[in-house]
Amino acid sequence: MGRPLHPRRAGVRGAVLLAAVALLATGCVSKKAFVAKSQELDAATAALAKERERAADLDAQLAAARGEVARLTSQLAEVSSQRETLARQLALVQESASQKDVNIRQLTTRYDGLIKDLERQKSELSARASDLSGRLAEAESQLASLTAERQRLQVDLDAMRATLGETQAQLAERERALRDTTATYDKLVADLKGEIAEGQVQITQLRDRLTVNLVDKILFDSGSIVIKPRGREVLQKVAEVLRTVSDKRIQIEGHTDNVPIAASLQSRFPTNWELAAARATAVARFLQDQGGVDPTRLVATGYGEYHPVASNDTPEGRAQNRRIEIVLVPLTLEAAVQ
C-alpha cells in the first residue's frame, strides 16, 4: 500500500487528469496532442513520486529531529539540575575555602610561634648537649671500669661457685659419714653397754670421728702386751662392729702414764713409748686375726706418755692415761678432721 499524497500535490495531479479528460471529451485536441499530454502527465506523475519520497524522508527527518529535540530538552533539564547542584556545592566549597583561609592564617601564626620556640629549645639543647657530652665521656669511663670490675667479679663468682660445688659435695659426704659414724656409735654403745657402765670402756663421737677408749686393765696386765680373756671378749664385740665400717681408717693408739718401765722389762721395752706401740700393735693384730677386720684399714701407733688425758700426779689420773684408743677417722676427710 503506497504512502498518502501531500494534499497540494494530490490536487495538482487531479487537475491535470481532469484537463486531459476534458480535452478528449470535447474533441478539441488531436490524438497526437493527447499522447503528448499523457507523456507530460506520466512525467509529472514520476516527478510527483519523487517528491513524495522526498516528503517521506523529510517527515522521517522531522520526527528524528523532534526526538533529538526531546532528548536534548531532557539533557538540558538534567544539565540545569546539575548546574544548580554544582552551584550549591561551589557555594559550600567557597565557604569552606574561606574558613580554611582563616585556619591557615591561624596555623601560620602558630607555626611562626613554634619556630621561635624550636629555635630557643635548640639553643638550650645545644648547651645541654655540650654538658651531656662531657658527662657521657665520664660515664663511659666509669662503665669501662665497672665492666672490668664485673668481669673480675664474674671470675671470682665462677671460682666461688666451683668451690661451693666442691664444698657441697664434701658436706654431703661428711653428712653421710656423720650418719654412718652415728650408727656405728649407737651399735658400739648397745654392744658394750655393760663395759661402759663399769667404766672400762668409754665411747665418744666428735662429728664424724669416733673414739673407743679402753682402760689398760681390761686388756693387759701391768707391763704385759698379752691381751687378757676379758679384753678379748670386749675386742671381739668391737671387731663385729668394725667389720661393717668400710669408709673409715681404724687407728689403734697406745697410751701410758709417766711411770718409768720396771728394770726387769727395760730390755724388752726401754721406755713407755715402746710399750705403748707394742700394745697398739697387739690390739691391731687381734682385730685382724681374730676379729676379721680388713688390715689395710688398720694403723697401730704408740704415743707413750705424751698424750695424757688426766694428771699423772694421782693414781686415778695415771689409770686414765693408761689406755688403748681405737679411733675411726673418715678416709676422705681425715686430713680435715686432724
Side-chain angles (χ1 to χ4, degrees), residues 184 187-189 191-204 209-245 248-329 331 334 338:
T184 302
K187 184 69 167 61
L188 286 171
V189 169
D191 291 351
L192 300 172
K193 61 182 178 180
E195 290 78 4
I196 294 173
E198 295 174 359
Q200 297 173 340
V201 176
Q202 182 180 6
I203 302 175
T204 58
R209 182 187 178 101
L210 185 66
T211 301
V212 180
N213 188 338
L214 298 96
V215 296
D216 72 333
K217 67 180 181 180
I218 196 175
L219 295 174
F220 306 103
D221 289 327
S222 178
S224 173
I225 62 171
V226 178
I227 302 174
K228 297 191 298 185
R230 178 59 178 155
R232 290 173 174 270
E233 293 177 6
V234 173
L235 289 178
Q236 191 64 47
K237 292 180 181 179
V238 173
E240 290 177 2
V241 177
L242 295 183
R243 283 199 303 269
T244 65
V245 178
K248 298 287 191 302
R249 185 186 67 177
I250 304 170
Q251 183 170 302
I252 295 88
E253 302 175 354
H255 300 270
T256 67
D257 57 22
N258 63 349
V259 177
I261 296 295
S264 60
L265 298 175
Q266 286 182 1
S267 61
R268 187 175 183 186
F269 308 113
T271 67
N272 284 320
W273 215 334
E274 286 81 6
L275 177 62
R279 286 180 171 179
T281 302
V283 172
R285 291 296 301 273
F286 179 88
L287 293 176
Q288 174 189 349
D289 298 339
Q290 307 300 321
V293 178
D294 183 0
T296 62
R297 294 189 293 113
L298 291 171
V299 177
T301 304
Y303 288 98
E305 61 194 76
Y306 300 108
H307 287 76
V309 293
S311 172
N312 282 309
D313 295 335
T314 64
E316 294 79 8
R318 289 192 293 271
Q320 293 181 41
N321 290 333
R322 295 190 300 271
R323 68 196 187 278
I324 290 291
E325 290 186 353
I326 301 176
V327 183
L328 276 64
V329 181
L331 292 174
E334 62 183 72
Q338 293 174 347

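Since the structure is predicted, the reported quantities are computational estimates derived from the model, not experimental observations.
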Next on the checklist: Could you measure the distance from the OG1 atom of T211 to the CD1 atom of I326? Nearest 0.5 Å is fine.
Outcome noted: 10.0 Å
Checklist outcome for this item: In this structure, OG1 of T256 is separated from CD1 of I324 (nearest 0.5 Å) by 10.0 Å
Item to check | Where F220 and V283 come nearest, the two heavy atoms and their spacing | outcome: CZ-CG2, 3.9 Å
Checklist outcome for this item: By side chain to side chain contact (heavy atoms under 4.5 Å, CB included), Q266 pairs with (sequence neighbours left out) I261
Next on the checklist: Run the salt bridge (Lys or Arg N to Asp or Glu O under 4.0 Å) test against K248 and tell me which residues pass, sequence neighbours left out.
Outcome noted: none
Next on the checklist: Let me confirm one number: the OG1-CD distance from T281 to Q288, rounded to the nearest 0.5 Å.
Outcome noted: 11.5 Å
Pairs of donor and acceptor atoms involving the side chains of residues 308-317, under 3.5 Å and at least two apart or interchain, shall be tabulated with distances.
{"residue": "S311", "atom": "OG", "partner": "D313", "partner atom": "N", "Å": "3.1"}
{"residue": "S311", "atom": "OG", "partner": "D313", "partner atom": "OD2", "Å": "3.3"}
{"residue": "N312", "atom": "OD1", "partner": "N321", "partner atom": "ND2", "Å": "2.7"}
{"residue": "T314", "atom": "OG1", "partner": "G317", "partner atom": "N", "Å": "3.0"}

Next on the checklist: Per the side-chain hydrogen bond (donor to acceptor under 3.5 Å, both in side chains) rule, what does the pair list look like for residues 291-301, sequence neighbours excluded?
Outcome noted: D294-T296
Checklist entry - Between atom CG of N213 and atom CD1 of I196, what is the distance when rounded to the nearest 0.5 Å? => result 11.0 Å
Item to check | Closest contact, heavy atoms only, I225 versus A278 | outcome: CG2-CB, 3.7 Å
Checklist outcome for this item: Shortest non-hydrogen pair, L235 vs F286, comes out as CB-CE2, 3.5 Å
Checklist entry - If you look only at pairs with a residue in residues 258-286, which of them pass as a salt bridge (Lys or Arg N to Asp or Glu O under 4.0 Å), with sequence neighbours excluded? => result D216-R279, R285-D289
Item to check | Side chain to side chain, Q320 and D257, heavy atoms closer than 4.5 Å | outcome: no
Checklist entry - Is any side-chain heavy atom of V327 closer than 4.5 Å to a side-chain heavy atom of V299? => result no
Checklist outcome for this item: What one should report as the nearest heavy-atom pair of A276 and G254 is CB-O, 3.3 Å
Next on the checklist: Suppose we screen for salt bridge (Lys or Arg N to Asp or Glu O under 4.0 Å). Which residues come up paired with K217, at least two apart in sequence or across chains?
Outcome noted: none
Checklist entry - Partners of E195 by salt bridge (Lys or Arg N to Asp or Glu O under 4.0 Å), sequence neighbours excluded? => result R230, K237
Next on the checklist: Taking the side chain as everything from C-beta on, heavy atoms only, tell me whether I250 gets closer than 4.5 Å to V245.
Outcome noted: no
Checklist entry - Which distance, rounded to the nearest 0.5 Å, do you find between the CG of L214 and the CG of L219? => result 5.0 Å
Checklist entry - Can you name the residues that form a side chain to side chain contact (heavy atoms under 4.5 Å, CB included) with K193, not counting sequence neighbours? => result none
Item to check | Residues forming a side chain to side chain donor-acceptor pair (under 3.5 Å) with Q236, sequence neighbours excluded | outcome: none
Item to check | Counterpart residues, side chain to side chain contact (heavy atoms under 4.5 Å, CB included), relative to D221 (two or more places apart) | outcome: S224, K228
Checklist entry - If you look at every heavy atom in R232 and I227, which pair is closest and at what distance? => result NE-O, 3.5 Å
Checklist entry - Restricting to pairs with a member in residues 291-311, which pass ring-ring contact (aromatic ring centres under 6.0 Å, His included), not counting sequence neighbours? => result H255-Y303, W273-Y306, Y303-H307
Checklist entry - Quick one: side chain to side chain contact (heavy atoms under 4.5 Å, CB included) partners of A284, sequence neighbours excluded? => result I252, A300
